[in-house]
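Note sheet for the following structure.
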Amino acid sequence: PNPKPQTPTPQENFDIFNSITTLKNDIKIMGDELNNKFTLFVVNKNHLQKLNDDNYSQRHVKFSDILTVKDAATVYSSILSPKLILTGCELSLFRLGILPLWEDPANQDGGNFFLHIKKTHSNQIWEHLYLGLLSDENDYVRKINGVILRIQELEVVFYIWTKTID
């Protein structure tokens, strides 16, 4: 059975608040518009049971586009931290216009690698990936099309999708 979601500790709330309030300083922006725009997709584990090969591409439901600093803060504060999300669910954060599917032309020449992270450490990894992708601070980040978080019982698997395999 899934553990009952826990209320964030005061320290976790403080860390989230600090991350959001410093977002503008950490992200290269023109006004409030982000240079790097993304879409967050979600997959609800209950929806997966209704899928087959014919409708597989419908598994990812668009949660929100992230076009501005305000969007980034709103989305970040609206979603649960990975360790509190139900087992079987997924979050996918991909560059605007790219679907989290291998059939998307932007992903066809790419690859992915994955990290198995214990749930206790998954929040910090998610926060760094989220802010890092939005900030686009280096050449390595620019090679990433998106990231999928697959929530498992004891861990979160982070799939990082790259534009090319080199």
Side-chain angles (χ1 to χ4, degrees), residues 1-8 12 16 19-20 23 27 32-117 119 121-136 141-163:
N2 287 326
K4 222 178 188 180
Q6 300 172 358
T7 305
E12 289 172 323
I16 291 168
S19 297
I20 292 169
L23 192 58
I27 297 174
D32 279 343
E33 190 171 321
L34 294 171
N35 288 338
N36 301 299
K37 296 167 179 55
F38 281 82
T39 300
L40 182 70
F41 299 90
V42 295
V43 175
N44 183 316
K45 73 174 188 169
N46 298 326
H47 183 67
L48 291 177
Q49 297 166 350
K50 302 172 189 166
L51 295 174
N52 57 45
D53 289 341
D54 295 331
N55 62 2
Y56 182 81
S57 64
Q58 297 171 10
R59 69 182 294 201
H60 294 91
V61 178
K62 181 177 168 181
F63 179 80
S64 179
D65 286 332
I66 303 169
L67 309 175
T68 65
V69 172
K70 182 179 178 184
D71 294 341
T74 301
V75 167
Y76 187 83
S77 64
S78 297
I79 58 175
L80 292 172
S81 59
K83 71 179 181 182
L84 300 177
I85 296 174
L86 293 175
T87 298
C89 294
E90 291 181 7
L91 296 176
S92 300
L93 181 68
F94 273 73
R95 293 188 184 277
L96 189 66
I98 301 176
L99 296 174
L101 301 168
W102 288 117
E103 294 79 8
D104 189 295
N107 293 324
Q108 288 183 349
D109 293 330
N112 76 8
F113 60 95
F114 53 92
L115 307 165
H116 290 260
I117 305 293
K119 277 191 173 179
H121 303 294
S122 62
N123 294 350
Q124 186 176 13
I125 302 296
W126 168 239
E127 181 178 305
H128 286 286
L129 280 169
Y130 185 80
L131 295 175
L133 286 170
L134 295 177
S135 68
D136 195 29
V141 172
R142 290 184 197 103
K143 294 179 181 182
I144 297 173
N145 278 345
V147 61
I148 295 176
L149 284 70
R150 184 166 296 146
I151 312 301
Q152 297 182 346
E153 189 169 335
L154 299 175
E155 65 185 8
V156 176
V157 183
F158 292 84
Y159 296 87
I160 299 171
W161 290 38
T162 59
K163 293 179 182 185

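With sequence neighbours excluded, the residues satisfying ring-ring contact (aromatic ring centres under 6.0 Å, His included) with W161 are F94, W102. Residues passing the side-chain contact (heavy atoms from CB on, under 4.5 Å) test with H121 are I117, K118, sequence neighbours excluded. With sequence neighbours excluded, the residues that form a side-chain contact (heavy atoms from CB on, under 4.5 Å) with V42 are V61, F63, L91. With sequence neighbours excluded, the residues satisfying side-chain contact (heavy atoms from CB on, under 4.5 Å) with D104 are I98, L99, A106, N107. Under the side-chain contact (heavy atoms from CB on, under 4.5 Å) criterion, D71 pairs with I66, L67, T68, sequence neighbours left out.
The minimum heavy-atom distance between P82 and I151, with the atom names listed, is O-CD1, 3.9 Å. Taking both residues in full, the closest heavy atoms of I85 and K119 are given as O-NZ, 4.0 Å, listed atom of the first, atom of the second, then distance. Residues Y76 and E127 share a closest heavy-atom pair of OH-OE1, 3.0 Å.
Between the side chain of Q152 and the backbone N or O of G88, no donor-acceptor pair lies under 3.5 Å. R95 contributes no side-chain N or O that, together with a main-chain N or O of L133, makes up a donor-acceptor pair within less than 3.5 Å.
Annotation: the span from L40 atom CG to S78 atom OG amounts to 9.5 Å, rounded to 0.5 Å. Atom CD of E155 and atom NZ of K83 lie 16.0 Å apart (nearest 0.5 Å). The CZ atom of F158 sits 11.0 Å away from atom NE2 of H128, with the distance rounded to the nearest 0.5 Å. Between E90 atom CD and R150 atom CZ the span is 4.0 Å, to the nearest 0.5 Å. Distance check, rounded to the nearest 0.5 Å: OH of Y130 to OG of S135 gives 12.0 Å. A distance of 12.0 Å separates CG of N145 from CD1 of I160, quoted to the nearest 0.5 Å.
Looking at F41 and I148, their side chains never come closer than 4.5 Å, going by heavy atoms from C-beta outward. Annotation: side chain of V147 is in contact with side chain of W126 (closest heavy-atom distance under 4.5 Å).
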### Task
Take T39 and L96 through the test side-chain contact (heavy atoms from CB on, under 4.5 Å) and record every step on the way to the result.
CA-CA 5 Å; T39 300; L96 189 66; 3.3 Å; yes
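Within a 6.0 Å sphere centred on CD of Q124, other residues, nucleotides and ligands contribute 12 heavy atoms or fewer. For D65, the CG atom is densely surrounded, since the number of other residues' heavy atoms within 6.0 Å is greater than 12.
For the salt bridge (Lys or Arg N to Asp or Glu O under 4.0 Å) condition, the pairs that include at least one residue of residues 34-44, sequence neighbours left out, are E33-K37.
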